[in-house]
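Just below is one structure, and these are the notes that go with it.
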Amino acid sequence: MTDQSLQDQALQAIAAAPDLDALQAVKTRYVGKSGLVTKELGTLGKLPPEERKARGAEINAVRGAIEAALTEREALLKQAALDAKLASEAIDVTLPGLPLPAGGLHPINRVYDDLTAIYERMGYAVIEGPEVEDEHHNFEALNVPWYHPARDLQDTFWLEDGRLLRTHTSPMQIRYMVNHEPALKVVVRGKVYRYEATDATHEAMFHQLEGLVVGDGISMTDLKGTIAEMARGLYGPTARVRFQPSYYPFVEPGADFAVWWENPRGESKWLELGGCGMIHPNVFKAVDDLREAEGRERVYEGKTGFAFGLGPERIAMLKYGIPDIRYFYANDPKVIGQFRGELG
Ligand code: YSA
C-alpha cells in the first residue's frame, strides 16, 4: 500500500468513527504500538543508511497527518458527548410541578367544627381543658363520691401519682365555674379515656362535647330547646329530638337524648347522642367550696343551669358511613386519605 492510500484510509476511518471508543480502535490500528504506520517505521532499519532519513520523514508525515486528524476528531466527539449528556440532563423549568398530596381535617374535627359553629351562633364560649385530672374534679365535685356505683360505669385509667385520665369532659364544668361567675354559656371539646374493651362502637380513647349553661331561672325547657337547635343545625329544620329519663349523679332530673337521623339512601334511626340534665345543687355547692378555698365569693347557691355531654364519633360514623369507631384512630391511609381537601 502506498503512503498516500494508507493515509487516506486512516483519515476516512477517523472521519467515520461514530464515538470515542471507535476512534480509539482506529488509533490503535494505525498509530498504536503495533499499528500499520508504526510497523512501517520498523522497516527503516532494513534500508540502506542513505535512504533512511528521507523515508523516515515520509512515514512521519503520514503519522503526523493521522495524529492531527485523530486529535481533531477526538475533540469533536468529546464535545458531542458532552452536549448529549447536557441535553439528557437538562431541566425544563416550564414543566408543571409534581402534585403534593394535600392533608385534610380529620372527620372528628369536621364534626367538632360543625358542632362548635352551632353553639357559637347561640353565643357559647368554646374551651378545652386538661386530659390529666384529679379525682376531685372528675368525680367528687360532680356528686360522685368514692363509694358511688356510678364510678363503675366509667372505668378509669389511674396514674401512679393518684391522678387519672379524665373519663368525661364534665370536670371542666367545675373548673370553668370556679373561675367564672354566672351567667355563663360554654361548650368544652376534647379527648376522654375509659378502661374498657373496644368494639365497633366503643373505644378506650374517644371525644366528647360538653355544654354548660348557668344563670337565673334556667329550666328543662331551655335545655330541650338547645338540644333541638343543635339537631336542626346538624340535620336540617325538620330534625326531631327524643328525651328519655336517665341517671347521672351530677344532674337532677337527668335524661338521655337522641336525634332522628335519616340519609338520602332512605336509612333512618334514633341516634343516641348523649346525656344531659339540670345541674344538681350538690355540684353548685362543690364549686362554691372550691371558690371559697381560693378566696373567692360563693356565687352559685340558688342558681339554675343545665349541662349535656355527647360523643362526636357517633355523629361522624353516620355522616361519613364509617362502620367501626376504631378506623378513626388506626391511621390507615385508605381511610383517612378519603378526608383530604375540603370534602364534606
Ligand atoms: C351527662 C349529663 C350532663 O349533665 C353532662 C354530661 C353528661 C355526659 C356524661 N359525662 C357521660 O360521659 N355520659 S356517657 O358515659 O353516657 O357518655 C356520653 C357519650 O359519650 C355517649 O352517649 C356516647 O356517645 C359517648 N361514649 C361513651 N363511651 C364511649 C363513647 N364513645 C365512644 N367510645 C366509648 N367507649
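One-based numbering, in listed order, for ligands and for the atoms of each. Along the sequence shown, residues are numbered consecutively beginning with 1. No experiment lies behind these values; they were computed from the predicted model shown.
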[X]/[Y] ion pair, N-O < 4.0 Å:
X: R55; Y: D3; result: yes
X: E89; Y: K85; result: yes
X: D113; Y: R189; result: yes

With heavy atoms of [X] as the reference, note each atom of ligand 1 found under 4.0 Å away.
X: V251; answer: 4 (O)
X: L273; answer: 22 (O), 24 (O)
X: G274; answer: 22 (O)
X: E196; answer: 35 (N)

note = Heavy-atom proximity to atom 18 (C) of ligand 1 ranks first, among M278, Q173, Q208, H168, for Q208
query = Taking the minimum heavy-atom distance to atom 13 (N) of ligand 1, which of F250, Y193, F257, Y248 ranks first?
reply = Y248
inquiry  = Is the ring pair Y193/F157 parallel, tilted or perpendicular, if the boundaries are 30 and 60 degrees?
reply    = perpendicular
query = For V259, which residues count as a side-chain contact (heavy atoms from CB on, under 4.5 Å) partner, sequence neighbours excluded?
reply = A231, Y235, L273
ask   = Are Y176 and Y124 near enough that their ring centres are under 6.0 Å apart?
value = no
ask   = Between W260 and W270, does the ring centroid distance fall short of 6.0 Å?
value = yes
So which bit of [X] gets within less than 4.0 Å of ligand 1, heavy atoms only: side chain, backbone, both or neither?
X: T201; answer: backbone
X: S170; answer: side chain
X: C276; answer: backbone
X: H202; answer: both

ask   = Do any pairs count as a ring pair (Phe, Tyr, Trp, His ring centres under 6.0 Å) and have a residue in residues 205-231, sequence neighbours left out, and if so which ones?
value = Y112-H207, H207-Y329
H106 vs F328, side chain to side chain contact (heavy atoms under 4.5 Å, CB included): CA-CA, chis, key distance, verdict = CA-CA 8 Å; H106 192 276; F328 285 130; 3.9 Å; yes
Hey, does [X] come in under 3.5 Å of ligand 1, counting only N/O atoms on both sides?
X: E210; result: no
X: E203; result: yes
X: I325; result: no

key: Close approach of R314 to ligand 1, heavy atoms, under 4.0 angstrom   = yes
